[in-house]
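Please read the structure below before turning to the comments.
Letters A, B, ... mirror the listed sequences (proteins, then strands); counts begin at 1.
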Amino acid sequence: MAFYFSLTRWSLFDATFIGFANYKTFLSDAELLTGLRNTVIYAVLTSGFKVILALPLATLLTSASIRLKGLIRSIVFFPTLASTVAVGVTFTALMQPSTGMINTFLHFIGAPQPDWLGNPGLALYSVAMVDIWRGIGIALVIFMAGILSIPLDYFDAARLEGGKWVKFRHIIVPLSRNATFTVILLSFIGGLRSFDLIWTMTQGGPGFASEVLTSVIFKEYGAGFFGLSTAGNVVLFLLVSAIAYPMMRFFNSREIQL
Amino acid sequence: MNVSRRTSAVLADSATLLVAVIIYVIPFVFVFLTAAKTPAEAGLFQFNLPDHFQLLKNIREVVTFGDNKMLRALWNSTIITAGSIVIMIALASLVAVVLQRRSDRVASIAGAIMLAGLIIPPAVVPTVFLLQRLGLFTTLLSMILVDVAFNIPFAILILRAFVGTIPRELDEAAIVEGASPLRVFSSVLFPLLQPAIMTVVITATVAIFNDFVGPLYFLPGANNVTAPLTLFSFMSQFNSQWNLVFADVVVVTILPLIAFVFFQKQLVSGITSGAIKG
């Protein structure tokens with residue numbers, strides 16, 4: 001049904017069949033191409049960094065020497081539950097170029113103070129950073145569950161062989177592979193589909209610098225181009241399935257049994 | 001030597017964790033402090049204690065602003081969340097039992113379609129079109145139905161895995177006693193599903209309450225505003241009154257905070273079990 005609508009032109013309530021023209025318009029739009037590229041960059045960055053940051057943190061928190069681990073896990077986990085809009089508003093304030101806390105701190109230590117959301121070259125990455133901040137909590141609990149399911153014999157063996165690095169590099173990284181796959185898959189799909197944070201923080205701006213597929217789709221919808229908007233939805237659907245299904249198959253084929 | 005190395009390792013770990021905690025705690029403290037300030041002070045975005053602590057006054061102002069718009073939004077959000085949770089649990093637990101207990105083609109195809117629902121992005125225009133045809137567009141009921149549809153695949157996933165842990169002998173015993181299929185469900189399986197249902201209820205409550213995109217597309221209109229949307233519109237209206245914007249952040253975050261304080265275990269288990277099975 002969605003596919004049929006994407007082939008039509010809408011004048012409020014009736015639709016005229018116009019073939020693939022919507023796709024042509026949609027795909028020849030410069031704004032859209034930026035959006036497409038940004039969507040992929042955003043998904044790759046957020047899913048990558050969630051793994052890179054959450055796995056070591058999960059390792060630290062599951063190791064026995066740390067007290068307060070429950071408390072720390074809770075603190076990192078909480079942003080996941082807060083409304084994305086609230087997180088976006090908060091960081092918009094923190095990232096204010098002249099008076100925001102982040103730049104005040106950078107000024108204090110003598111580092112350069114970029115205009116996080118106003119600089120076209122930086123806005124997308126700033127939003128991605130906030131997304132990573134918010135999403136580490138989920139990655140963390142998945143990794144902790146993964147690490148806790150590794151049989152203790154492996155850790156005993158690692159203790160004989162060497163120190164912490166051996167344990168991390170040769171036990172935890174390979175044996176929590178299933179958790180890693182899950183985190184990548186979830187945050188990649190989430191990254192391709194994400195909208196809330198970008199819309200609250202930059203609305204795709206400045207200019208079209210941080211436009212992603214979902215924000216283009218919403219703008220087309222808001223402007224009344226329903227066919228065009230649906231064409232965008234179909235493109236997004238194809239993109240998500242074209243990436244998610246092969247990823248899932250690959251991950252399933254390489255899943256390990258403990 | 002060994003002791004000192006161990007001490008320094010613990011110190012390094014603690015330092016890492018301290019940095020992590022700081023990065024996570026400061027934004028929330030900042031929200032709380034700014035929400036308690038006067039407009040002039042809040043506009044400076046400084047991280048300090050307010051001169052006049054007026055959190056309650058600010059919250060009252062936000063809640064009563066624009067003809068109690070905020071109360072309306074909280075009410076709408078509550079209705080939508082409660083309504084969709086009730087419908088979703090009723091449907092999802094039935095579907096989960098059937099999908100888990102049957103192993104024929106129909107069940108496996110239905111299961112695959114449900115799983116696809118986890119990944120496929122929602123198609124907006126066809127949904128709006130359908131809701132218009134049904135005469136439901138811009139009603140709270142339509143939002144409830146949409147939320148049920150969006151969230152039910154996840155609910156079924158978790159409940160189905162849980163039904164798998166209930167021994168079949170229990171159903172068979174009930175059938176031998178002469179119970180009808182519906183009776184087996186209502187008297188045997190449904191009560192045993194409680195822990196998993198609890199997990200789904202809490203996870204979905206937070207997700208639906210915080211949903212921003214859904215109401216943005218499917219629930220236009222001033223009277224239909226929901227909690228996260230107030231925040232979005234306040235941000236543009238109050239851009240010189242950041243204390244009110246952040247007071248709104250506090251109001252909107254109260255429900256997730258309660259869920260977090262009391263039900264963290266269910267939330268974590270909801271996320272990990274859903275993630276690992278999916």
Among [options], residue most engaged with chain B (heavy-atom pairs, under 4.5 Å):
options                             : answer
A:Val85, A:Leu53, A:Thr80, A:Thr214 : A:Val85
A:Phe218, A:Phe77, A:Trp199         : A:Phe218
A:Gly137, A:Pro79, A:Pro56          : A:Pro79
A:Ile138, A:Val141, A:Leu71         : A:Val141

What distance separates [X] [atom1] from [Y] [atom2], expressed to the nearest 0.5 Å?
X        : Y        : atom1 : atom2 : value
B:Ile26  : A:Thr90  : CD1   : OG1   : 13.5 Å
A:Leu81  : B:Thr253 : CG    : OG1   : 10.5 Å
B:Leu255 : A:Ser83  : CG    : OG    : 11.0 Å
A:Leu197 : B:Phe212 : CG    : CZ    : 10.5 Å

What part of [X] gets closer than 4.5 Å to chain B, counting heavy atoms only: side chain, backbone, both or neither?
X        : answer
A:Leu57  : side chain
A:Val240 : side chain
A:Ala82  : both
A:Ile75  : both
A:Phe237 : both
A:Thr200 : both
A:Thr104 : neither

- Closest approach of B:Tyr24 and A:Ile136, non-hydrogen atoms and distance?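 The answer is OH-CB, 3.5 Å.
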- Item | Closest approach of A:Phe195 to B:Leu216 (non-hydrogen atoms, all atoms of both residues) |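 Smallest interatomic distance, heavy atoms only, reads CE2-CD2, 3.6 Å.
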For residues 91-100 of chain A, tabulate all N or O donor-acceptor pairs below 3.5 Å that involve a side-chain atom, not counting sequence neighbours.
unit_1	atom_1	unit_2	atom_2	d
A:Thr92	OG1	A:Gly88	O	2.5

- Message: If you count heavy-atom pairs within less than 4.5 Å of chain A, which of B:Val21, B:Val31, B:Val252, B:Leu257 leads?
- Response: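 Looking at each option in turn, the highest pair count goes to B:Leu257.
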- Greatest number of heavy atom pairs closer than 4.5 Å to chain A - which of B:Val25, B:Thr34, B:Leu267: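 Top count of heavy-atom pairs under 4.5 Å with chain A: B:Leu267.
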- Toward chain A, the part of B:Phe30 with a non-hydrogen atom under 4.5 Å: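 The side chain, not the backbone.
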- Task: Against chain A, label B:Val128 side chain, backbone, both or neither, depending on which of its atoms sit under 4.5 Å from a heavy atom there.
- Result: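 For B:Val128, the side chain is the part near chain A, not the backbone.
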- Does a sphere of radius 6.0 Å around CZ in B:Phe47 hold more than 12 heavy atoms from other residues, nucleotides or ligands, not counting ones at 6.0 Å or beyond?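 Yes, CZ of B:Phe47 has more than 12 neighbouring heavy atoms, counting only those of other groups under 6.0 Å.
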- Would you check, one step at a time, whether the test side chain to side chain contact (heavy atoms under 4.5 Å, CB included) holds for B:Val124 with A:Thr230? CA-CA 7 Å; B:Val124 174; A:Thr230 312; over 6 Å; no
- Message: Angle between ring planes, A:Tyr221 versus B:Tyr217, binned at 30° and 60°: parallel, tilted or perpendicular?
- Response: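 Geometry flag for B:Tyr217 against A:Tyr221: perpendicular rings.
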- Any side-chain heavy atom of B:Val268 within less than 4.5 Å of one from A:Met144?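 When only atoms from C-beta onward are counted, A:Met144 and B:Val268 do not touch, as no gap falls below 4.5 Å.
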- How about A:Val89 and B:Val245: do any of their side-chain heavy atoms sit closer than 4.5 Å?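 Yes - at least one pair of side-chain heavy atoms lies under 4.5 Å apart.
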- Task: Answer with yes or no after comparing the ring centroid distance for B:Phe28 and A:Phe78 against a 6.0 Å cut-off, counting only values under it.
- Result: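 Yes; A:Phe78 has its ring centre under 6.0 Å from that of B:Phe28.
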- Query: Who passes ring pair (Phe, Tyr, Trp, His ring centres under 6.0 Å) against B:Phe263, sequence neighbours left out?
  - Reply: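 With sequence neighbours excluded, B:Phe263 shows a ring pair (Phe, Tyr, Trp, His ring centres under 6.0 Å) to no residue whatsoever.
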- Ignoring hydrogens and angles, tell me if any N or O in the side chain of B:Asn210 forms a donor-acceptor pair with the backbone of A:Thr84 under 3.5 Å.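 Side chain of B:Asn210 to backbone of A:Thr84: no pair is present.
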